[in-house]
Amino acid sequence: MPCWPVCRVSCAMPGGVFNVSDMAPVELHPLYYLHNFEVLCDTVEAQYGDLLTAQELQFLQDFRACEDAARGLFVRLTSRRGTWFRPEKLNYPELTENLTVPLEQLASRGLVSFTADPGLELLLELCLKGELLQLFADILAPDARKLRKPELAEQLLQLALDSEEVNRRWQDWYTHSVIEVHGPAVVEVLQLLFFGNRRQSLTDFVLSDLGVASYESYALDRRYRLFASRAQVDEYLQAAVLREQFYNLLEQDDVEAMVALVALLPVTRSSHTPQQQRWDKLRNRLGRQLERYQQPAAALRAYAGSHMHPARERSVRLLESQGELEQALELCDSMAMDPWCEAEMDFQRRKSVQLARKNGAAVTLLKPPVPISERLVLAPTERRVEEAAAAHYRQHWQWVGHVENSMVNALFGLALWEQIFAEVAGAFVNPFQSAPLDMYSGTFYRTRRSAIDARLDELAQADLAAVLLASYDAHFGISNRWVSWRGIEREMIATAAQIIPVTHLIAMWRRILFDPQANRSGLPDLLALDPEHGYCMIEVKGPGDQLQLNQKRWLRYFSEQDIPVKVAWVSWHDA
DNA sequence: ACCCATCACGCATAT
DNA sequence: ATCGTTAAAG
DNA sequence: ATATGCGTGATGCTTTAACGA
Ligand SMILES: [Mn+2]
Ligand SMILES: [Mn+2]
């Protein structure tokens, strides 16, 4: 472990979470979740009040009218799975011992409702297996106890008991009413508006407070709005609904419905907006699944509306396998005219040659330079092949690490820290981001071009190791999409920055800048460093493993830039 | 980084 | 009773 | 043999409680 650099808030350490200043465990306020939710509500209302529906505004009013215990309970319930609960099972001593009063209050505001007759399907979820056996003991076979719960549930459903019967049994046994929370839909909208996405949640507040994750303290300009209109909010939610539908159909292997789903997707223009990319991603996923279902026509329809790789690649393959060589070639040509990314360009080159051959033409593809290769025969080991190879190379190199993408990415993140977190309008919309919103889009470099170019020029002249270590120390522990703090040691950064020529690093960083999404992976397994021999990157391949396409692209680039790299093909000694 | 992305693995195919 | 899996919670 | 495509599985805050088997 390196010594404790300046760490702004707190750091996660093995054995628990501690505040750096006093090393005592972080204590949260007993009602931390309520406070977090209220911050969320207040922020959203201030920033997006005009986009909220009457129902959503009414919710805020109802919620705020409740006492602490009721509000806290509501937040507790909405952060749990499902919407139905048995009140006698709830236990939140930090609110009150008896939750009757808070529940009544929530009910009076319409935030929860009571039901004495939930019906069999719900009971199957709300009851433990033992309780179900007890409830229906007299009508179940004596060996029902041996069934698993899902099978038991199935059996009970097949008994086709009428609802009167079910409710009578239930009410004889259970003296309370079960409750349903009415909130998740509104809460979902509020969370979406607060975070700008659906995957972050109140958990992010907690992890931040606990110091499990800490975030750069960029300024949030709440005047900038990610959603300009209610229609945009609804479109986001609609895309989420359809995506969920897709995953449901996938679970049930419902081919028909999935074919029909294609027609429900909107036809979007290539606008490079995040929303359009969400639609495209769904189209690609749907298309891929339809291919697996042997539905090429539907798959082609799904891909046809997508502006995201690999939609055209998949389409060409489909057309080819259907014998539509003309159309396949045509699509290849449009890919050649206006390729979406390097991966697509590579594919197009290979496929065009293949297709032309199929049509009888005599064409040859220029073979890319073969990377320097060597064969290693190593003693069989339990460890991963990369580790075994690293051990071998340590005979000649002072330091060899299995770093994969983590080293080059970390150096990228450290070198361009200030530019990544630069206050560009609309880049940051919530306090828990590890990168600007446009980090992976082509605009990242374009909108920060002069700052990034200046920084790279500066680094070319500077004592690189010193500058990168200063960045490491200044930002240690802060979430950055490019820097995995667990994976990189300070010493390692220092050595790498001293030995690798800055021109080589800048060349790699520029390739990342060219397409940050695609080029953050595919880097070689090993980095070997030595004060005498310099450095070398080594991609290790065990028996049966082949170079991946993104690895080949990096290797090609390294060869163009005269960056030292090789591929080690490992086989094992006979025992 | 929107139920992700990433890597290596193991298998089946085509050349 | 005990163990593995999953949800809840900090 | 070699290349290529495809699907799969582990991994990603940690600790504790509840549940099913
Ligand atoms: Mn690797
Ligand atoms: Mn490898």
Side-chain angles (χ1 to χ4, degrees), chain A residues 11-17 25-30 32-33 36 76-77 79-82 89-92 94 127-132 145-152 191-192 195-214 236-237 239-240 243-244 246-248 250-251 274-275 277-279 281-282 285 288 291-292 310 313-314 317 321 347 350-351 354 357 384-386 402 404-406 409 432-441 479 481 484 486-487 516-518 520-523 525 539-552:
Chain A
C11 302
M13 297 187 48
V17 176
V26 174
E27 288 276 340
L28 298 181
H29 186 283
Y32 70 90
Y33 49 92
N36 292 339
R76 280 298 200 198
L77 293 179
S79 63
R80 288 178 57 162
R81 201 149 204 275
K89 287 192 155 191
L90 301 174
N91 177 30
Y92 296 114
E94 79 279 10
C127 295
L128 306 183
K129 182 182 166 189
E131 294 170 332
L132 291 173
R145 187 166 294 276
K146 291 177 190 156
L147 297 173
R148 299 170 162 214
K149 193 181 176 187
E151 277 107 49
L152 175 66
Q191 285 194 5
L192 172 59
F195 292 107
N197 62 66
R198 259 171 46 98
R199 106 205 94 86
Q200 288 184 290
S201 67
L202 290 178
T203 297
D204 291 75
F205 282 93
V206 183
L207 294 182
S208 172
D209 289 341
L210 288 174
V212 170
S214 48
Y236 193 115
L237 294 170
R243 193 177 54 229
E244 221 150 283
F246 166 70
Y247 283 105
N248 288 337
L250 181 60
E251 232 167 87
Q275 183 55 52
Q277 289 176 3
R278 285 189 282 272
W279 287 121
K281 197 175 277 188
L282 180 55
R285 212 163 285 168
R288 201 67 195 74
E291 285 190 64
R292 295 190 188 103
E313 170 175 340
R314 299 308 314 172
R317 290 179 191 281
S321 70
F347 167 80
R350 272 177 291 139
K351 192 52 80 177
Q354 281 179 24
R357 276 203 200 122
R384 296 184 49 153
V385 64
E386 292 88 351
H402 179 199
E404 307 254 9
N405 309 307
S406 69
N409 283 350
F432 311 114
Q433 291 180 222
S434 55
L437 287 180
D438 63 343
M439 185 72 250
Y440 287 159
S441 94
S479 297
R481 188 74 50 77
S484 166
R486 304 204 145 196
Q517 161 95 296
R520 71 199 313 281
S521 65
L523 287 148
D525 293 313
E539 172 55 37
V540 180
K541 288 297 169 194
D545 189 14
Q546 290 298 312
L547 285 171
Q548 324 228 334
L549 293 174
N550 58 353
Q551 295 176 331
K552 285 183 180 173

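The sequence lines fix the lettering, A, B, ..., with proteins before strands; numbering per chain opens at 1.
Residue A/Gln551 places none of its side-chain N or O atoms closer than 4.0 Å to OP1 or OP2 of B/dC7. For the pair A/Lys129 and D/dC19, the criterion of a side-chain N or O lying under 4.0 Å from OP1 or OP2 is not met. The shortest distance between the side-chain N/O atoms of A/Arg243 and the OP1/OP2 oxygens of B/dC3 is not below 4.0 Å. Taking 4.0 angstrom as the limit, A/Thr203 places none of its side-chain polar atoms (N or O) nearer than this to OP1 or OP2 of C/dA9.
Remark: A/Lys146 NZ is loosely packed, at most 12 non-hydrogen atoms of other residues, nucleotides or ligands lying under 6.0 Å away. Around the CZ atom of A/Arg145, the shell of radius 6.0 Å holds no more than 12 heavy atoms that belong to other residues, nucleotides or ligands.
No side-chain heavy atom of A/Arg317 sits under 4.5 Å from any side-chain heavy atom of A/Glu291. A/Asn197 is listed as a side-chain neighbour of A/Tyr236, based on a closest heavy-atom distance under 4.5 Å.
Within 4.0 Å of A/Gly522, counting heavy atoms only, lie sugar-phosphate atoms of the nucleic acid but no base atom. At a threshold of 4.0 angstrom between heavy atoms, the contacts of A/Tyr32 include nucleobase atoms, whether or not backbone atoms are also involved. A/Asn248 comes within 4.0 angstrom of nothing in the nucleic acid, heavy atoms only. Within the nucleic acid shown, A/Asp204 has no heavy atom closer than 4.0 Å to any nucleic acid atom. Residue-level contact check: A/Pro150 touches the backbone only, with heavy atoms under 4.0 Å from sugar-phosphate atoms and none from bases. Residue A/Leu207 is in base contact, counting any heavy-atom pair closer than 4.0 Å across all strands shown. When heavy atoms are screened at a 4.0 angstrom cut-off, A/Phe246 is found touching no nucleic acid atom at all. A/Gln277 comes within 4.0 angstrom of nothing in the nucleic acid, heavy atoms only. Residue contacts for A/Leu250: at a heavy-atom cut-off of 4.0 Å it reaches no nucleic acid atom on any strand shown.
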Can you give one letter per nucleotide of nucleotides 9-15 of chain B, going 5' to 3': B for a protein heavy atom under 4.0 Å from the base, S for sugar-phosphate only, - for none?
S------
Would you give a per-nucleotide map of nucleotides 2-9 of chain D, 5' to 3', where B means the base has a protein non-hydrogen atom under 4.0 Å away, S means only the sugar-phosphate does, and - means neither?
-SBSSS--
Scoring nucleotides 2-8 of chain C by protein non-hydrogen atoms under 4.0 Å (B base, S sugar-phosphate only, - none) yields -----SS
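A donor-acceptor pair under 3.5 Å is formed between the side chain of A/Asn36 and the backbone N or O of A/Tyr32. Put simply, the side chain of A/Ser479 gets close to the backbone of A/Ser214: a donor and an acceptor are under 3.5 Å apart. Proximity of a side-chain donor or acceptor of A/Asp525 to a complementary backbone N or O of A/Val540 within less than 3.5 Å is detected.
The shortest non-hydrogen separation linking A/Pro30 to A/Glu94 is O-CG, 3.6 Å. Heavy-atom minimum distance, A/Lys129 versus A/Leu147: NZ-O, 2.7 Å. Minimum interatomic distance between A/Arg198 and A/Glu244 (heavy atoms only, all atoms of both residues): NH2-OE1, 3.2 Å. The two residues A/Ser208 and A/Phe432 come nearest to each other via the heavy atoms CB-CE2, 3.6 Å. What you find for A/Gln191 and A/Gln200 is that their closest heavy atoms are OE1-O, 3.8 Å.
For the C1' atom pair drawn from B/dA1 and D/dT14, the interatomic distance equals 23 Å after rounding to whole Å. Look at the C1' atom in both D/dG7 and C/dA8: the space between them is 33 Å, to the nearest Å. Between the C1' atoms of D/dG20 and C/dA1, the separation comes to 14 Å (whole Å).
Straight-line distance from the CG atom of A/Asn409 to the P atom of B/dA1: 13 Å, rounded to whole Å. In this structure, A/Leu523 places its CG atom 12 Å from C1' of B/dT6, rounding to the nearest Å. Rounded to an integer number of Å, the gap from A/Asn36 CG to C/dA9 P is 14 Å.
Side-chain atoms of A/Glu404 lie closest to B/dC7 of the nucleotides B/dC7, C/dG10, D/dC19. When each of B/dT6, D/dG20, C/dG10 is scored by its nearest atom to the side-chain atoms of A/Val206, the top-ranked nucleotide is C/dG10. For A/Arg384, counting side-chain heavy atoms from C-beta on, the closest listed nucleotide (C/dG10, B/dA8, B/dA1) is B/dA8. Each of C/dG10, B/dC3, D/dC13 was ranked by its minimum atom distance to the side chain of A/Val212; first place goes to D/dC13.
Residues A/Asn405 and A/Pro436 each lie close to DNA chain B; by heavy-atom proximity, the contact nearer the 5' end of the strand is made by A/Pro436. Mapping A/Gln433 and A/Glu539 onto DNA chain B by nearest heavy atom places A/Gln433 closer to the 5' end of the strand.
Paired with A/Ser521 under the rule side-chain hydrogen bond (donor to acceptor under 3.5 Å, both in side chains), one option of A/Asn550, A/Asn405, A/Asn409 passes, and it is A/Asn550.
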